[in-house]
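Read the structure below first, then the notes.
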Amino acid sequence: MKKFMLLTLAIAFFSSNAQSKKENTSVKQTATLKKESTMKKRILIIVSNANAIGPNNRRTGTFLPEVAHPYAEFDKANYEIDFASLTGDTPYLDALNLANDPDNLIFLTGKGWEKMQKAVKLSNVDVSKYDAVFIPGGLAPMVDMPENELLKKVIKETYERNAVVGAVCHGPVSLLNVKLSNGSYLVNGKNITSFTDEEERGYAIADVPFLLETALTKQGAKFHAAAVWSAHSIADGNLVTGQNPASAKGVAEKMIVILESPKK
């Protein structure tokens with residue numbers, strides 16, 4: 001009888017100890033999952049360093065609403081936002097006459113423009129730590145982004161690891177000449193948009209070195225154009241593009257949808 005009681009007590013002790021360990025493990029797992037679920041997504045905005053374009057040295061830079069509107073959306077989503085530029089020099093802004101727009105004004109007077117002025121040189125950034133890269137437009141990217149080898153490598157690697165690549169207006173010039181590991185152009189067979197040839201003819205045809213829509217189409221893009229200057233953005237897998245300044249917010253919104261999907 002005594003042996004039976006001792007055996008019963010031992011079983012109870014070990015059962016209680018096992019249950020306690022199980023509960024502790026469960027608490028730790030829950031805490032880990034909660035921590036993972038609350039980790040901020042990281043966005044890298046890559047900007048041009050050009051400030052002039054064309055034979056007449058037209059002044060240019062990153063078009064203000066094309067960086068400010070997406071920045072506002074990423075900020076609302078509580079994402080961590082960093083800036084990189086191709087040279088590490090202070091980038092330029094264009095369209096400061098649009099500063100009265102609420103998101104533009106917040107960007108200029110808040111942390112957005114302050115961060116952008118301190119953009120890190122792209123070669124010094126570990127882009128693999130970011131969940132998405134975004135390239136805003138303005139005419140500036142047409143100057144220094146069509147052939148930049150490091151930028152092409154960054155976009156290729158970001159796309160192939162299934163992180164999100166977004167670009168708007170002239171920003172999709174960054175997608176030109178990007179070749180994937182299989183040797184095909186990134187844009188080949190992709191549904192995309194950018195500043196259209198029709199829009200360019202009424203805006204900066206005398207200044208740009210080539211027409212972006214035409215160039216993307218030549219590399220196999222399935223180009224989709226909406227009415228000139230209308231808001232128009234497209235997501236094709238983890239690639240998101242927008243047509244013009246009015247499309248910048250939509251690009252960010254579509255990027256956020258992808259980033260918040262279960263697989264991300």
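If you're wondering where the values come from, they're calculated on a predicted model, not measured in any experiment.
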*Under the salt bridge (charged side-chain N to carboxylate O under 4.0 Å, His left out) rule, what do K115 and D82 come out as? Steps first, then yes or no, please.*
CA-CA 7 Å; K115 283 185 176 183; D82 294 321; 5.1 Å; no

*Evaluate side chain to side chain contact (heavy atoms under 4.5 Å, CB included) for L93 paired with F63, printing each intermediate quantity in order.*
CA-CA 6 Å; L93 278 176; F63 205 73; over 6 Å; no

*Passes side chain to side chain contact (heavy atoms under 4.5 Å, CB included), M145 versus I135? Steps please.*
CA-CA 10 Å; M145 290 191 174; I135 302 93; 3.7 Å; yes

_Go through it in stages, so that I can follow the logic: the residues are S194 and E213, the test is side-chain hydrogen bond (donor to acceptor under 3.5 Å, both in side chains), and I'd like the CA-CA distance, side-chain angles, deciding distance and then a yes or no._
CA-CA 6 Å; S194 75; E213 175 187 344; over 6 Å; no

*asked:* Using the rule given for side-chain hydrogen bond (donor to acceptor under 3.5 Å, both in side chains), can you reason through T217 versus K222, listing the C-alpha separation, both sets of side-chain angles and the distance that settles it, and then say yes or no?
replied: CA-CA 7 Å; T217 302; K222 295 179 179 177; over 6 Å; no

_Could you go through T87 and K121, starting from their C-alpha distance and side-chain angles, then the distance that decides it, and tell me whether this counts as side chain to side chain contact (heavy atoms under 4.5 Å, CB included)?_
CA-CA 5 Å; T87 69; K121 188 176 182 180; 5.6 Å; no

*Evaluate the side chain to side chain contact (heavy atoms under 4.5 Å, CB included) criterion for residues T60 and Y92: first the C-alpha distance (whole Å), next the side-chain angles of each, then the deciding distance (0.1 Å), finally the verdict.*
CA-CA 7 Å; T60 187; Y92 296 82; over 6 Å; no

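The two residues H69 and D103 have their closest heavy-atom pair at CD2-CB, 3.6 Å. G171 approaches S174 most closely through the heavy-atom pair O-OG, 2.8 Å. Residue P70 comes nearest to P65 through the heavy atom pair CD-O, 3.5 Å, listed as atom of the first residue, atom of the second, then distance. What you find for P136 and P141 is that their closest heavy atoms are O-CG, 3.7 Å. Among all heavy-atom pairs drawn from A84 and V125, the shortest one is CB-CG2, 4.1 Å. Of all non-hydrogen atoms in E199 and W229, the two that sit nearest each other are OE2-N, 2.6 Å.
Checked by atom type and distance alone, the side chain of D131 pairs as donor or acceptor with a backbone atom of R42 at under 3.5 Å. N49 contributes a side-chain N or O that, together with a main-chain N or O of L86, makes up a donor-acceptor pair within less than 3.5 Å. Side chain of T62 to backbone of G138: no donor-acceptor contact under 3.5 angstrom is found. S247 places a side-chain N or O within donor-acceptor distance of the main-chain N or O of H232, the cut-off being under 3.5 Å. Proximity of a side-chain donor or acceptor of Q219 to a complementary backbone N or O of V187 within less than 3.5 Å is not detected. Within the 3.5 Å criterion, the main-chain N or O of L186 finds a donor-acceptor partner in the side chain of K190. Judged by distance alone, the side chain of D236 and the main-chain N or O of L239 form no donor-acceptor pair under 3.5 Å. In this structure, S85 contributes its side chain and G88 its backbone to a donor-acceptor pair below 3.5 Å. With hydrogens and angles disregarded, no donor-acceptor distance shorter than 3.5 Å links the side chain of Q117 to the backbone of P91. With Q243 contributing its side chain and S230 its backbone, the two residues share no donor-acceptor pair below 3.5 Å.
The residues E149 and K153 are annotated as not salt-bridged, no charged nitrogen and carboxylate oxygen being separated by less than 4.0 angstrom. Electrostatic pairing of E114 and K118 counts as a salt bridge here, judged by a charged N lying under 4.0 Å from a carboxylate O. Between E80 and K40, no side-chain nitrogen of the basic residue sits less than 4.0 Å from a carboxylate oxygen of the acidic one, so the salt-bridge criterion is not met. For D94 and R59, the salt-bridge test fails: no basic side-chain N is under 4.0 Å from an acidic carboxylate O. Look at E198 and R201 and you find no salt bridge, because none of the NZ, NE, NH1 or NH2 atoms lies under 4.0 Å from a carboxylate O.
Both F223 and V173 are assigned to one and the same hydrophobic cluster, defined by single-linkage of ILVMFWY side chains at heavy-atom distances under 4.5 Å. Following chains of ILVMFWY side-chain contacts shorter than 4.5 Å, one cannot reach L122 starting from I43, and the two form parts of different hydrophobic clusters. M255 and I192 fall into different hydrophobic clusters, where Ile, Leu, Val, Met, Phe, Trp and Tyr are joined by side-chain heavy atoms under 4.5 Å apart, directly or via other members. Placement of F74 and M116 within a single hydrophobic cluster is found when ILVMFWY residues are connected by side-chain heavy-atom separations under 4.5 Å, directly or transitively. Under a hydrophobic-cluster definition in which Ile, Leu, Val, Met, Phe, Trp and Tyr are linked whenever side-chain heavy atoms come within less than 4.5 Å, directly or via other members, L150 and V127 are assigned to the same cluster.
In this structure, the side chains of M142 and I53 come closer than 4.5 Å at one or more pairs of heavy atoms. Contact annotation: the side chain of L216 approaches that of P172 to within less than 4.5 Å [non-hydrogen atoms, C-beta and beyond]. Using a 4.5 Å cut-off on side-chain heavy atoms (C-beta onward), S128 and E157 make no contact. In this structure the side chain of L108 reaches within 4.5 angstrom of the side chain of L96, judged on heavy atoms. Counting only heavy atoms from C-beta outward, the side chains of T109 and L105 approach each other to under 4.5 Å. Put simply, the side chain of I81 does not reach to within 4.5 Å of the side chain of F134, judged on heavy atoms. With contacts defined as side-chain heavy-atom distances shorter than 4.5 Å, the pair E73/I256 qualifies. At least one side-chain heavy atom of E200 sits less than 4.5 Å from a side-chain heavy atom of L139.
Between the NZ atom of K156 and the CG atom of L151 there is a distance of 13.5 Å, given to the nearest 0.5 Å. Remark: T196 OG1 to L211 CG distance equals 9.5 Å, nearest 0.5 Å. For the atom pair CZ of F83 and CD1 of I46, the computed distance is 11.5 Å after rounding to the nearest 0.5 Å. Remark: C169 SG to N244 CG distance equals 6.0 Å, nearest 0.5 Å. Distance check, rounded to the nearest 0.5 Å: OG1 of T241 to CG of L175 gives 7.5 Å. Rounding to the nearest 0.5 angstrom, the gap separating the CG atom in L64 from the CG atom in N97 is 8.5 Å.
With sequence neighbours left out, D207 forms a side-chain hydrogen bond (donor to acceptor under 3.5 Å, both in side chains) with R58. Residues passing the ring pair (Phe, Tyr, Trp, His ring centres under 6.0 Å) test with Y71 are F107, sequence neighbours excluded.
If you run side chain to side chain contact (heavy atoms under 4.5 Å, CB included) between V165 and each of V154, T158, V240, V178, only T158 comes through.
Between H170 and F195, the ring planes are tilted. Angles from 30° to 60° get that label.
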